[in-house]
Amino acid sequence: RVVYFSVGPGCDDIRVYFIDGWDRIRRQSGRFTLESPGREVKAQGQGVIVKYYADRSDSEPVSRQISSQVRFGWNGNPPAAGVPAQNFKVIIEGEIEARFSEDYSFEFLGNHGNAYALYIDGKMIFPGKTVPMEAGKRHHLKIEYIAPGPGGGLDLLWMSTTQELERVPMQLLYCEW
């Protein structure tokens, strides 16, 4: 389906046509309004909880921290005290709040060979897939990261129709310590 808008002689004369193939063109008449993504949410987040594990199979974290954003670059160094520089696991948890009520897509920047898994509201989100999110509503965020070799790094970005690709800002990340 294609929607075509045409502005007539007066700026208040807008014609809308719905096109469903060559033989089905329908003109919309009457009043209509265009929905906008709404106001941007003014959030007050403080970051996410980051748990470091010395080994991929560990069930208890060696270290816990609050991070203002999901952006890490360890450059071959241990990420935290008691954690080796390679073959470690990181679990990041908190809540993420969307600015607009739209579908969002997420992207990781990091070293090749590292494993990432992203969950929003308990559902695994695969690369290239979108997630419907409601403005002002907090959605549970969980990231599992494994660094098999040295030089690990992790950087979470997101975008929507209204919002360009960017790092998720601290103000939209929440945690319960």
Side-chain angles (χ1 to χ4, degrees), residues 37-149 151-177:
R39 293 183 297 119
E40 182 175 334
V41 170
K42 302 297 181 200
Q44 303 278 327
Q46 69 277 21
V48 291
I49 295 174
V50 183
K51 296 181 269 187
Y52 294 98
Y53 299 80
D55 191 277
R56 295 185 221 183
S57 60
D58 284 351
S59 60
E60 288 298 317
V62 173
S63 176
R64 292 174 194 243
Q65 301 173 0
I66 293 180
S67 178
S68 62
Q69 57 184 318
V70 182
R71 183 179 187 196
F72 306 95
W74 297 290
N75 301 319
N77 298 311
V83 179
Q86 61 186 26
N87 202 29
F88 62 88
K89 177 173 73 174
V90 179
I91 295 180
I92 300 163
E93 286 193 271
E95 294 177 318
I96 186 169
E97 184 176 359
R99 287 186 179 125
F100 306 101
S101 293
E102 298 179 335
D103 288 348
Y104 283 77
S105 61
F106 293 85
E107 186 175 311
F108 285 111
L109 297 179
N111 298 8
H112 296 292
N114 297 329
Y116 311 92
L118 170 67
Y119 301 86
I120 301 289
D121 293 330
K123 296 178 185 171
M124 185 180 234
I125 308 303
F126 294 97
K129 298 296 180 187
T130 60
V131 181
M133 297 178 77
E134 184 180 326
K137 178 184 175 193
R138 294 184 190 178
H139 299 267
H140 185 260
L141 168 74
K142 180 177 180 181
I143 300 169
E144 295 176 353
Y145 169 79
I146 295 175
L154 172 67
D155 201 348
L156 179 65
L157 294 90
W158 68 341
M159 67 182 290
S160 71
T161 305
T162 304
Q163 174 183 295
E164 293 185 20
L165 185 65
E166 68 175 7
R167 288 184 179 92
V168 180
M170 176 183 74
Q171 297 84 359
L172 299 170
L173 296 170
Y174 297 85
C175 64
E176 294 293 326
W177 186 253

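Using a 4.5 Å heavy-atom cutoff, the side chains of Asn87 and Arg56 are in contact. Contact annotation: the side chain of Glu144 approaches that of Tyr119 to within less than 4.5 Å [non-hydrogen atoms, C-beta and beyond]. Between Ile120 and Phe106 there is a side-chain heavy-atom pair separated by less than 4.5 Å. Contact annotation: the side chain of Leu118 approaches that of Leu141 to within less than 4.5 Å [non-hydrogen atoms, C-beta and beyond]. In this structure the side chain of Ile143 reaches within 4.5 angstrom of the side chain of Val70, judged on heavy atoms. A heavy-atom distance below 4.5 Å is found between the side chains of Ile96 and Trp158. At a threshold of 4.5 Å between non-hydrogen side-chain atoms, the residues Val50 and Val90 count as touching. Looking at heavy atoms from C-beta onward, His140 lies in side-chain contact with Glu93 at the 4.5 angstrom threshold.
Sorted by first and then second residue, the salt bridge (Lys or Arg N to Asp or Glu O under 4.0 Å) pairs involving residues 67-81 (not counting sequence neighbours) are Arg71-Asp155.
Note that CD1 of Ile91 is 4.0 Å distant from OH of Tyr53, once rounded to the nearest 0.5 Å. To the nearest 0.5 Å, the span separating CG on Leu173 from CZ on Arg138 amounts to 10.5 Å. In this structure, CD on Glu97 lies 11.5 Å from NZ on Lys137, to the nearest 0.5 angstrom. To the nearest 0.5 Å, atom NZ of residue Lys142 and atom CD1 of residue Ile125 are 13.5 Å apart. To the nearest 0.5 Å, atom OG of residue Ser105 and atom CG of residue Leu165 are 7.5 Å apart. The NZ atom of Lys51 sits 13.0 Å away from the CD atom of Gln65 when rounded to the nearest 0.5 Å.
Scanning all heavy atoms of the two residues, the minimum distance from Ala54 to Gly82 falls at CB-O, 3.7 Å. Among all heavy-atom pairs drawn from Trp74 and Pro79, the shortest one is NE1-CB, 3.1 Å. In plain terms, the two heavy atoms of Asp121 and His139 that are nearest each other are OD2-ND1, 2.8 Å. Heavy-atom minimum distance, Ala81 versus Ser63: O-CB, 4.4 Å. Nearest heavy-atom pair across Cys175 and Gln46 is O-NE2, 3.0 Å.
The neighbour count for Glu166 CD, taken as heavy atoms of other residues, nucleotides or ligands under 6.0 Å away, is above 12.
Without hydrogens or angle criteria, Tyr145 side chain to Phe88 main chain gives no donor-acceptor distance under 3.5 Å. When atom types are taken as modelled, the side chain of Tyr174 and the backbone of Gln44 share a donor-acceptor pair closer than 3.5 angstrom. Looking at Ser68, its side chain never comes within 3.5 Å of a backbone N or O of Gly47 through a donor-acceptor pair.
The closest side-chain donor-acceptor pair between Arg99 and Gln163 falls under 3.5 angstrom.
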Exercise. Please report the C-alpha distance between Leu154 and Ile92 in whole Å, then the side-chain angles of each, then the deciding distance to 0.1 Å, and finally whether the side-chain contact (heavy atoms from CB on, under 4.5 Å) criterion is met.
Key: CA-CA 11 Å; Leu154 172 67; Ile92 300 163; 3.4 Å; yes
